[in-house]
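These notes concern the structure reproduced below.
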Amino acid sequence: MEKINVRGVLFDNVTLNEAKSIAEDYILKGEQCVIFTPNAEIVQMTLEDRDFKDKVNSADLIIPDGAGVVLASKILKKPLKCKVAGCELAESLVETSATGKYKIFFYGSKPETELGKSVAELAEEKMAEKYQGFKCAGKSHGYVKKEDMDTLIEKINSSGAEILFVCLGVPMQENWIYENRHRLTPSVIIGLGGTLDVFAGTVKRAPRIFVKLNLEWFYRLIKEPKRLWRMMKLPKFIFGTIFSKKEK
């Protein structure tokens, strides 16, 4: 796979279908593959934290989950093929899982919603409605205490899942995967942020027109104005990329 260095993060130059095929190849071989899905905000975080950058780069497959990363790659004259949304990769894997090809474990998000169920439980229900035959190998909310972590890992491993979705948010999910991958038996382990919330319907993804125009970040800002301070990392990242290119 071709690697594209975007501000120190080594992205794999793949499409969505290629990323899915790579993940499935690891399952067939019975080997482990960690997948991280950084966007521009996360790459900016790695610029401010060398230890976190090393953890992100430890992944076997790194896909560009954001138009900002793709734009930066073009500014650096090393263009990535396209944005590969982690949420879309996850749903594609769920769709195939519904055929019985492999099993998925959901780990993350809130333990309870207004409906009295965890986000992971709602996510399974919604995906089962959309893809007939889908059923999680197992699931857990993301608020697991440190003293209960061994029990969670045993639950994941004994579930027989070939794929593990870890949705704890950044950087918690990357740290957790980095620290525990050697204890986990699923072949594919993916850090997926708020994907379970999107699946469950507790958080709505941007309308297609926003996605097509690469304005998904703007939609999220409208819906969650408190994210403004986080969104400020995006222009900082883009301008930093322009200046870093000029310095070379």
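Reckoned from all heavy atoms, side chains included, excluding hydrogens, waters and symmetry mates.
At a threshold of 4.5 Å between side-chain heavy atoms, the hydrophobic network of Ile, Leu, Val, Met, Phe, Trp and Tyr places V56 and Y178 in two separate groups. Follow the hydrophobic side-chain contacts under 4.5 Å out from L168 and you never reach Y143; the two are in separate clusters. Hydrophobic clustering (side-chain heavy atoms under 4.5 Å, transitive across Ile, Leu, Val, Met, Phe, Trp, Tyr) groups V6 together with M45. Taking hydrophobic clusters as Ile, Leu, Val, Met, Phe, Trp and Tyr residues chained together by side-chain heavy-atom distances below 4.5 Å, V70 does not share a cluster with I4.
Here the CD-CD distance, from E129 to Q132, works out to 11.5 Å after rounding to the nearest 0.5 Å. Of the inter-residue distances, the one linking R183 atom CZ with I153 atom CD1 reads 3.5 Å to the nearest 0.5 angstrom. Residue D51 holds its CG atom at 7.5 Å from CG of N175, rounded to the nearest 0.5 Å. Note: H141 NE2 to T113 OG1 = 12.5 Å, rounded to the nearest 0.5 Å. Distance CD1/I22 to CG/D12: 6.5 Å, rounded to 0.5 Å. Separating the CZ atom in R7 from the OG atom in S73 is a distance of 13.0 Å, to the nearest 0.5 Å.
A pairwise comparison of heavy atoms in I42 and T37 identifies CD1-O, 4.2 Å as the closest pair. Shortest non-hydrogen contact noted between N39 and D65 is CB-O, 2.9 Å. When all heavy atoms are compared, the tightest approach of I163 to L93 is CD1-CD2, 4.1 Å. For the residue pair C167 and L192, the shortest heavy atom distance occurs at SG-CB, 3.7 Å. Shortest non-hydrogen contact noted between P171 and F52 is CB-CE1, 3.5 Å. Residues P64 and C82 come closest through the heavy atom pair CG-O, 3.4 Å.
Side-chain contact between V69 and P38: absent, with no pair of heavy atoms (C-beta onward) separated by less than 4.5 Å. Using a 4.5 Å cut-off on side-chain heavy atoms (C-beta onward), V188 and Y102 make no contact. With contacts defined as side-chain heavy-atom distances shorter than 4.5 Å, the pair M127/I104 does not qualify. Between T99 and T96 there is a side-chain heavy-atom pair separated by less than 4.5 Å.
Checked by atom type and distance alone, the side chain of Q32 pairs as donor or acceptor with a backbone atom of L184 at under 3.5 Å. Between the side chain of N57 and the main chain of L10, a donor-acceptor pair closer than 3.5 Å is present. Between the side chain of T46 and the backbone N or O of V43 there is at least one donor-acceptor pair closer than 3.5 Å. Panel note: side chain N157, backbone T185; a donor-acceptor pair is recorded below 3.5 Å. Distance alone, capped at 3.5 Å, is enough to place a donor-acceptor pair between the S58 side chain and the K55 backbone. Between the S109 side chain and the G142 main chain, no donor and acceptor come within less than 3.5 Å of each other. Looking only at distances, no side-chain donor or acceptor of E31 sits under 3.5 Å from a matching main-chain atom of Y26.
Look at K110 and D197 and you find no salt bridge, because none of the NZ, NE, NH1 or NH2 atoms lies under 4.0 Å from a carboxylate O. Salt bridge absent: D49 and K53 never bring a charged side-chain N and a carboxylate O closer than 4.0 Å.
The neighbour count for K155 NZ, taken as heavy atoms of other residues, nucleotides or ligands under 6.0 Å away, is above 12. More than 12 heavy atoms of other residues, nucleotides or ligands lie within 6.0 Å of NZ in K29, so this atom counts as buried by the packing criterion. Surrounding NZ of K3 are more than 12 heavy atoms belonging to other residues, nucleotides or ligands, all under 6.0 Å away. Remark: M149 CE is packed, more than 12 non-hydrogen atoms of other residues, nucleotides or ligands lying under 6.0 Å away.
Using a 30° and 60° split on the angle between ring planes, F106 and F165 fall in the parallel class, below 30°.
In terms of the side-chain hydrogen bond (donor to acceptor under 3.5 Å, both in side chains) criterion, residue partners of K139 (sequence neighbours excluded) are, by chain and number, E124. The ring pair (Phe, Tyr, Trp, His ring centres under 6.0 Å) search around Y107 returns W176, not counting sequence neighbours. Taking F36 as the reference, nothing meets the ring pair (Phe, Tyr, Trp, His ring centres under 6.0 Å) condition, with sequence neighbours excluded.
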Worksheet item: Where do K81 and V14 land on the side chain to side chain contact (heavy atoms under 4.5 Å, CB included) test, with the steps shown first?
Response: CA-CA 6 Å; K81 293 177 183 177; V14 295; 5.7 Å; no

Discussion item. Set out, in order, the CA-CA distance, both residues' side-chain angles and the distance that settles side chain to side chain contact (heavy atoms under 4.5 Å, CB included) for L16 and L89, then state yes or no.
Written reply: CA-CA 6 Å; L16 174 62; L89 173 61; 3.7 Å; yes

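Of the options E95, E91, E125, a side-chain hydrogen bond (donor to acceptor under 3.5 Å, both in side chains) to K130 is made by E91 and by none of the others.
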